[in-house]
Visitor: 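First the structure, which I've put down as structure tokens, then a few questions once you've had a look.
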Amino acid sequence: MAGVGFEHVTKRFDKVIALNDLSIEVQDREFLVLVGPSGCGKTTALRCLAGLEEVTQGTIRIGERVLKLRKFPKPEIDRRVKEAADILDLRELLSRKPRQLSGGQRQRVAVGRAIVREPAVFLFDEPLSNLDAKLRVQTRAQITKLHHRLQTTFIYVTHDQMEAMTMATRIAVMRDGLLHQLDTPQALYENPVNVFVAGFIGSPAMNFFDARLERSEGKLFFDCGTFRVQIPDGRASTFQSYAGREVVFGIRPEHIHDPSFLPPGIIETRVESTVDVTELMGNEVFLHLLAGDRPFIARVDPRTKAHIGERMPPSFDMNHIHVFDKESQLAVN
Ligand SMILES: Nc1ncnc2c1ncn2[C@@H]1O[C@H](COP(=O)(O)OP(=O)(O)O)[C@@H](O)[C@H]1O
Ligand SMILES: [Mg+2]
């Protein structure tokens with residue numbers, strides 16, 4: 001078992017900077033997920049860690065040496081194979097040839113091969129991307145259980161924020177070789193440091209409105225052009241110094257409600273809108289709305305009566321607003 005440290009790691013491929021001064025301290029036994037859009041440097045980070053690429057600058061530290069594949073006596077090999085097969089529910093498949101296995105089974109065999117070597121650190125690079133949706137959810141849960149059972153450091157790469165949110169103990173959000181934020185799933189969700197992280201984590205994504213913060217009669221408002229919403233007094237003090245400035249106002253779809261089905265105790269503001277599209281999810285409905293020409297999405301109670309073309313004023317829960325500096329894109333808080 002081992003922790004892993006990326007210390008100011010830069011990796012260049014000619015003109016491309018795949019990793020830009022990356023520093024991450026991975027704790028022993030942690031399940032760290034590197035997440036970000038395609039091309040942000042995730043695979044490069046893993047390949048550098050595994051020693052498959054040389055870093056251009058900086059160092060990568062592994063607490064203990066990763067175990068090399070060694071010759072074990074036959075009974076020891078048998079024991080390890082059986083144990084790995086049990087963990088992964090593969091025992092009945094041990095006698096099969098690879099081509100007799102489904103995609104999901106092959107994936108589990110690949111993990112099994114890693115388990116029998118008892119490595120100090122497990123590295124996964126988008127292991128679920130070839131599986132269908134149902135198998136992906138199952139395998140996701142299996143990998144989480146595997147981590148719990150093995151109590152070993154896992155470093156897992158994915159472009160899928162949902163995988164990151166469901167499996168990680170901590171998530172590193174990357175873009176263009178740069179680390180944007182490293183924190184627990186909950187902290188990332190509640191306190192994204194900038195517009196990119198706010199929009200990347202969560203689905204449907206956070207709604208953003210370009211706005212000007214205006215002060216009028218002692219109250220603060222977001223002036224979004226086609227509509228205006230008041231910031232509750234309790235939150236206003238944080239943003240006073242931004243009065244008169246351009247900001248990005250963010251609110252997640254789950255914090256916009258059908259006014260007929262309001263959760264208790266919220267501080268709400270209604271925003272006159274037109275329903276553009278409704279999407280029934282079963283347990284909830286996604287409303288695509290337009291406030292003037294500003295599109296946004298609300299995740300509302302499935303009992304909603306909203307229908308396409310209707311005018312309605314959805315309720316914004318103003319206790320859950322996010323504000324970002326327009327220029328720096330950084331959260332104001
Ligand atoms: N061997 C290589 N030669 C040149 N450029 C590369 C090489 N490997 C990766 N890159 C570039 O480095 C960047 C990061 O790639 P990669 O780590 O594969 O991203 P990710 O895994 O996040 O999709 C990309 O711009 C990619 O084109
Ligand atoms: Mg990759």
Side-chain angles (χ1 to χ4, degrees), residues 33 35-38 104 126-144 158-168 171 173 184-192 195-209 224 227 229 248-322:
V33 176
V35 72
S38 178
E126 313 235 14
L128 308 186
S129 49
N130 294 323
L131 307 181
D132 66 44
K134 191 167 170 205
L135 201 52
R136 208 155 49 218
V137 172
Q138 278 174 10
T139 311
R140 202 168 74 192
Q142 274 172 343
I143 293 176
T144 302
T158 178
H159 65 276
D160 181 342
Q161 62 88 26
M162 181 90 83
E163 276 176 35
M165 289 296 281
T166 49
M167 298 200 286
I171 300 175
V173 185
T184 61
Q186 192 168 6
L188 282 185
Y189 195 77
E190 288 174 0
N191 296 308
V195 172
F196 171 68
V197 176
F200 193 78
I201 300 289
S203 174
M206 185 185 289
N207 299 295
F208 296 114
F209 303 96
C224 302
F227 64 96
V229 289
V248 177
F249 159 40
I251 182 164
R252 294 197 183 276
E254 56 269 43
H255 296 132
I256 304 178
H257 305 279
D258 181 322
S260 305
F261 302 99
L262 281 185
I266 69 167
I267 299 181
E268 51 138 352
T269 296
R270 309 263 169 115
V271 175
E272 267 309 321
S273 308
T274 308
V275 180
D276 197 24
V277 174
T278 66
E279 296 177 321
L280 175 64
M281 296 292 149
N283 61 335
E284 59 191 359
V285 172
F286 296 164
L287 296 181
H288 295 241
L289 296 144
L290 286 166
D293 59 351
R294 303 294 196 91
F296 63 99
I297 296 182
R299 262 170 96 161
V300 302
D301 192 289
R303 292 169 291 174
T304 184
K305 300 275 186 297
H307 54 266
I308 293 181
E310 183 192 358
R311 303 275 305 158
M312 72 178 292
S315 300
F316 284 33
D317 177 353
M318 299 304 288
N319 272 330
H320 287 99
I321 56 173
H322 297 262

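Basis for what follows: all heavy atoms, side chains included, without hydrogens, waters or symmetry-related copies.
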Visitor: side-chain contact (heavy atoms from CB on, under 4.5 Å) with T274: which residues, sequence neighbours excluded?
Guide: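 Here the qualifying residues are R311.
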
Visitor: Could you work out, with ring pair (Phe, Tyr, Trp, His ring centres under 6.0 Å) as the rule, every residue matching H257, not counting sequence neighbours?
Guide: none

Visitor: Could you list the donor-acceptor pairs under 3.5 angstrom formed by side chains in residues 130-137, with sequence neighbours left out?
Guide:
{"unit_1": "D132", "atom_1": "OD1", "unit_2": "K134", "atom_2": "N", "d": "3.2"}
{"unit_1": "D132", "atom_1": "OD1", "unit_2": "L135", "atom_2": "N", "d": "3.0"}
{"unit_1": "R136", "atom_1": "NH1", "unit_2": "L131", "atom_2": "O", "d": "3.1"}

Visitor: Say you draw a straight line from CD1 of I297 to CD1 of I251; how long is it, rounded to the nearest 0.5 Å?
Guide: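 One finds 13.5 Å between CD1 of I297 and CD1 of I251.
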
Visitor: Kindly give the heavy-atom pair with the smallest separation between E190 and H322, and that separation in Å.
Guide: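 Closest approach of E190 to H322, heavy atoms only: O-CE1, 3.2 Å.
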
Visitor: How about M312 and V275: do any of their side-chain heavy atoms sit closer than 4.5 Å?
Guide: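 With C-beta onward as the side chain, the pair touches.
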
Visitor: Of all residues at least two apart in sequence or in a different chain, which pass the side chain to side chain donor-acceptor pair (under 3.5 Å) check with Q142?
Guide: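 Here no residue qualifies.
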
Visitor: Can you list everything that forms a side chain to side chain donor-acceptor pair (under 3.5 Å) with D301? Sequence neighbours excluded, please.
Guide: R303

Visitor: Hey, is the main chain of M281 close enough, under 3.5 Å, to the side chain of E284 for a donor-acceptor pair?
Guide: no

Visitor: Please round to the nearest 0.5 Å and tell me the distance separating atom CG of L289 and atom CD1 of I256.
Guide: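 If I round to the nearest 0.5 Å, the distance is 7.5 Å.
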
Visitor: So, do C224 and R294 sit near enough that their side-chain heavy atoms are less than 4.5 Å apart?
Guide: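 C224 vs R294: side chains touch.
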
Visitor: At what distance, to the nearest 0.5 angstrom, does CG of L262 lie from CG of D317?
Guide: 9.0 Å

Visitor: Is the centre of the F316 ring less than 6.0 Å from the centre of the F296 ring?
Guide: yes

Visitor: I'd like to know whether F209 forms a side-chain contact (heavy atoms from CB on, under 4.5 Å) with V229, so could you lay out the CA-CA distance, the side-chain angles of the two residues, the decisive distance to 0.1 Å, and finally the verdict.
Guide: CA-CA 11 Å; F209 303 96; V229 289; over 6 Å; no

Visitor: Between S273 (side chain) and V271 (backbone), is there a donor-acceptor pair under 3.5 Å?
Guide: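 Yes; at least one donor-acceptor contact below 3.5 Å.
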
Visitor: Decide yes or no for V33 and T158: does some side-chain heavy atom of the first lie under 4.5 Å from some side-chain heavy atom of the second?
Guide: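 When only atoms from C-beta onward are counted, T158 and V33 do touch, with a gap below 4.5 Å.
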
Visitor: Would R140 and M167 satisfy side-chain contact (heavy atoms from CB on, under 4.5 Å), going step by step from the backbone distance to the final call?
Guide: CA-CA 7 Å; R140 202 168 74 192; M167 298 200 286; 3.5 Å; yes

Visitor: Less than 4.5 Å apart, any side-chain heavy atom of P192 and any of I201?
Guide: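 Of all side-chain heavy-atom pairs linking I201 with P192, none is under 4.5 Å.
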
Visitor: For F196, check ring pair (Phe, Tyr, Trp, His ring centres under 6.0 Å) against everything at least two apart and list the hits.
Guide: H180, F200

Visitor: What distance do Q161 atom CD and I171 atom CD1 have between them, rounded to the nearest 0.5 Å?
Guide: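 Result: 8.0 Å between the selected atoms.
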
Visitor: A quick test of your reading: do over 12 heavy atoms of other residues, nucleotides or ligands sit less than 6.0 Å from CE of M162?
Guide: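 No, because the 6.0 Å sphere around CE of M162 holds 12 heavy atoms or fewer from other groups.
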
Visitor: If you take all heavy atoms of P259 and P313, which pair is closest and at what distance?
Guide: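 Answer, listing the atom of P259 first, then P313: CG-O, 3.3 Å.
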
Visitor: Kindly indicate whether the side chain of N207, heavy atoms from C-beta on, has any atom under 4.5 Å from the side chain of P253.
Guide: yes

Visitor: Heavy atoms only: give me the nearest E310-K305 pair and the separation to one decimal.
Guide: OE1-O, 3.9 Å

Visitor: Compare every heavy atom of D258 with every heavy atom of V300, then report the nearest pair and how far apart it is.
Guide: CG1-N, 3.5 Å

Visitor: Does L128 reach the side chain of D160, with side-chain heavy atoms less than 4.5 Å apart?
Guide: no

Visitor: When you check the gap from the basic side-chain N to the acidic O, do E272 and R270 get nearer than 4.0 Å?
Guide: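 Result for this pair is no, no salt bridge flagged.
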
Visitor: Do I266 and N319 have side-chain heavy atoms sitting under 4.5 Å apart?
Guide: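 I266 vs N319: side chains apart.
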
